[in-house]
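Worksheet for the structure shown next.
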Amino acid sequence: MLANPRILIVRLSSIGDVLHCTPVARSLKEALPSCHITWIVGQVAADMVRFNPYIDEVHIWPREKWEKAMRSAKFKEAWQIWQDLKDYFKSKHFDIALDIHGLFLSGMVTAASKATRRIGMSNTRELNSLFMNEIAPMYDEDIHVIQRYLSILRPLNITTTDYKMTLETPKEADEFARNFLSTHGVKPTDKIVAVNPVTTWSAKNWPPENFAKVIQELAANNKILLCGGPSDKAVAEKIIELASVPVINAVGQTTLLEMAALLKLSNVLVVGDTGPLHMAVALGTPSVSIFGATAPSRFGPLDPGHIVLKGQVECAPCYKTVCKTKDIRCLKSVKPEAVIEQTLEILKSNPI
């Protein structure tokens, strides 16, 4: 293999999965310090790799706009978005392309790169393997997702047991976070409990009333910071109303990197299985996470300093976006008292 290959990483989304793939970039740089790494990513998750020190170039391809155009039958617009990508590839040469997404679309992107070696993962969906000329060895379906993604490196004879994810925040985001907290009366001696109550699946959303109970108990001696995106505002307002205690509401008021900077200044994050959990893990912020529809053994934190509480029911994990029984019994089996207890333990073990 070349000593200084030009390598393309294809992982278009989502926030958590992009972060889970970052050990691949670090492992490549450690094994091949002179390699040049380009990462192609969609617009939504781009900030997760934008300042990654192991990546030489980030190319943002509007996968979201392409899919929206296709769904709306705006084929001329979709064609132009695709042509823009092909034009980008015309000016590049890649020795190796690693498809760590495993979909038909990511396969199309990988093939369009015209990389000499196009390596895909095993057990992929949507005929992804048709676009590859090499496939990584089979892996156990029950291994952690980070280990699955790292399997893409085996054809390059690169292995690692370092599963640490990478997320860097720029100084502008760090300054925003400090100013935001100061404006809301947070002193350097205060402990901050960040709470991110919403995930992308309804089957992974712990009930708002449970979050409210946790916040009520923890607000007496800690500052509560509520985090989330614009679409989470209604749930956040409901939690604030139910809790009836002072809460710093940052929901919908930050970019992803500004949220990351806030998490970096927090003492602990209470959260479900969603992007901000993996952001906290990458940043080194302890977490207490609630799992139901998904298995923490595959998607939970691998780093020490994190507590996982999982649903204790027969139907979990089901990997369904919507609960089949309509009652999210797996999540409801995790009681607020358990979350409070574990959060307090982390706060005690991490004094200011």
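- Summarising the geometry, atom CG belonging to Leu257 is positioned 7.0 Å from atom CE belonging to Met279; distances are rounded to the nearest 0.5 Å.
- Although no hydrogens or angles enter the test, the distance criterion places no donor-acceptor pair under 3.5 Å between the side chain of Arg11 and the main chain of Ser106.
- In this structure, His20 and His144 have perpendicular ring planes: the angle between them is above 60°, well past the 30° mark.
- There is a path of hydrophobic side-chain contacts, each under 4.5 Å, that joins Ile37 to Ile60.
- Residue Leu2 holds its CG atom at 9.5 Å from CG of Leu32, rounded to the nearest 0.5 Å.
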TODO: Apply the test side-chain contact (heavy atoms from CB on, under 4.5 Å) to residues Leu153 and Leu28: give CA-CA distance (whole Å), side-chain angles for both, the deciding distance (0.1 Å), then the verdict.
DONE: CA-CA 8 Å; Leu153 297 177; Leu28 282 167; 3.6 Å; yes
Open item on the list: Using side-chain contact (heavy atoms from CB on, under 4.5 Å), reason through Ile152 and Val24 one step at a time and then give a plain yes or no.
Closed with: CA-CA 8 Å; Ile152 197 84; Val24 171; 4.2 Å; yes
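- The hydrophobic cluster containing Phe180 does not contain Leu269, counting ILVMFWY residues as joined when their side-chain heavy atoms lie under 4.5 angstrom apart, directly or transitively.
- A donor-acceptor pair shorter than 3.5 Å cannot be found between the side chains of Asp87 and Gln83.
- A distance-only check finds a donor-acceptor pair linking the side chain of Glu64 to the backbone of Gln43 [under 3.5 Å].
- Between Ile215 and Ala243 the shortest heavy-atom distance is CG2-CB, 4.0 Å.
- Taking every heavy atom of both residues into account, Leu226 and Ala236 meet most closely at CD2-CB, 3.6 Å.
- No side-chain N or O of Thr116 forms a donor-acceptor pair with one of Asp95 less than 3.5 Å apart.
- No path of Ile, Leu, Val, Met, Phe, Trp and Tyr side chains, each step under 4.5 Å between heavy atoms, connects Leu12 with Val145, placing them in separate hydrophobic clusters.
- Looking at heavy atoms from C-beta onward, Val195 lies in side-chain contact with Val193 at the 4.5 angstrom threshold.
- The two atoms that bring Asp56 and Cys35 nearest to each other are OD2-O, 3.6 Å, heavy atoms only.
- At distances below 3.5 Å, not a single donor-acceptor pair connects side-chain atoms of Lys114 with backbone N or O atoms of Ala111.
- For Phe299 and Phe291, the gap between ring centers reaches or exceeds 6.0 Å.
- One N or O on the side chain of Thr199 and one on the backbone of Trp201 form a donor-acceptor pair closer than 3.5 Å.
- Counting heavy atoms from C-beta on, the side chains of Thr294 and Lys204 come closer than 4.5 Å.
- With hydrogens and angles disregarded, no donor-acceptor distance shorter than 3.5 Å links the side chain of Lys191 to the backbone of Asn221.
- Between Val18 and Met165, the closest side-chain pair of non-hydrogen atoms is not below 4.5 Å.
- Tyr149 and Leu277 fall within a single hydrophobic cluster, where Ile, Leu, Val, Met, Phe, Trp and Tyr are joined by side-chain heavy atoms under 4.5 Å apart, directly or via other members.
- The nearest pair of heavy atoms linking Gly311 to Ser333 is CA-OG, 3.3 Å.
- Ile307 and Val270 fall within the same hydrophobic cluster, where Ile, Leu, Val, Met, Phe, Trp and Tyr residues are linked whenever their side-chain heavy atoms come under 4.5 Å apart, directly or through other members.
- When atom types are taken as modelled, the side chain of Arg26 and the backbone of Lys164 share a donor-acceptor pair closer than 3.5 angstrom.
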Open item on the list: Using side-chain contact (heavy atoms from CB on, under 4.5 Å), reason through Lys264 and Asp174 one step at a time and then give a plain yes or no.
Closed with: CA-CA 9 Å; Lys264 197 160 60 170; Asp174 294 334; 3.2 Å; yes
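- Here the straight-line distance linking atom CD1 of Ile239 with atom CD of Gln216 works out to 11.5 Å at 0.5 Å rounding.
- Proximity of Val339 to Val334: side-chain heavy atoms (C-beta onward) are separated by under 4.5 Å at one or more points.
- For the residue pair Ser287 and Ile346, the shortest heavy atom distance occurs at O-CD1, 3.5 Å.
- Taking CG of Leu98 as the reference point, atom CG of Leu156 lies at 6.0 Å (rounded to 0.5 Å).
- In this structure, the side chain of Ser266 engages the main chain of Leu262 through a donor-acceptor pair within 3.5 Å.
- Ser13 and Arg63 are linked by a side-chain donor-acceptor pair at a separation below 3.5 angstrom, with hydrogens and angles left out of the test.
- Between Cys21 and Trp39 the shortest side-chain heavy-atom distance falls below 4.5 Å.
- The aromatic rings of Tyr88 and His59 lie parallel to each other, with less than 30° between the two planes, well short of the 60° mark.
- Between the side chain of Asn210 and the backbone N or O of Trp206 there is no donor-acceptor pair closer than 3.5 Å.
- Contact of the Phe89 side chain with the Leu85 side chain is registered, since non-hydrogen atoms from C-beta on lie closer than 4.5 Å.
- With hydrogens and angles ignored, the 3.5 Å screen pairs a side-chain donor or acceptor of Glu126 with a backbone N or O of Phe104.
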TODO: Kindly indicate, with the supporting measurements, whether the criterion salt bridge (Lys or Arg N to Asp or Glu O under 4.0 Å) is fulfilled by Asp99 and Arg118.
DONE: CA-CA 8 Å; Asp99 185 343; Arg118 300 187 302 277; over 6 Å; no
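- Side chain to side chain, Asp190 and Asn222 fail the donor-acceptor criterion of an N or O pair below 3.5 Å.
- Judged by distance alone, the side chains of Thr160 and Asp162 never bring a donor and an acceptor atom under 3.5 Å apart.
- Side-chain contact between Met259 and Asn196 is present, with at least one heavy-atom pair separated by less than 4.5 Å.
- The SG atom of Cys227 sits 10.5 Å away from the CD atom of Gln253 when rounded to the nearest 0.5 Å.
- Just one residue in the list Asn52, Ile40, Val41 forms a side-chain contact (heavy atoms from CB on, under 4.5 Å) with Val58, and that residue is Val41.
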Open item on the list: Using side-chain contact (heavy atoms from CB on, under 4.5 Å), reason through Ser244 and Leu242 one step at a time and then give a plain yes or no.
Closed with: CA-CA 6 Å; Ser244 298; Leu242 290 171; over 6 Å; no
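- Of all heavy-atom pairs spanning Asn205 and Ile328, the tightest one is O-CD1, 3.5 Å.
- Taking the ring axis of Trp79 as reference, the NZ or CZ atom of Lys76 does not stay both within 45° of it and closer than 6.0 Å to the ring centre.
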Open item on the list: Set out, in order, the CA-CA distance, both residues' side-chain angles and the distance that settles side chain to side chain donor-acceptor pair (under 3.5 Å) for Ser113 and Lys92, then state yes or no.
Closed with: CA-CA 8 Å; Ser113 74; Lys92 302 290 180 179; over 6 Å; no
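- In the model, Tyr139 has a side-chain atom that pairs as donor or acceptor with a side-chain atom of Arg148 under 3.5 Å.
- Remark: the backbone N or O of Gly229 is paired with a side-chain donor or acceptor of Asp232 at under 3.5 angstrom.
- A cation-pi arrangement, defined by a distance under 6.0 Å to the six-membered ring centre and an angle within 45 degrees of its axis, is absent between Arg117 and Phe94.
- Interatomic distance, CH2 of Trp61 versus CG of Leu105, reported as 4.5 Å (0.5 Å rounding).
- The shortest distance between side-chain heavy atoms of Lys171 and Phe176 does not fall below 4.5 Å.
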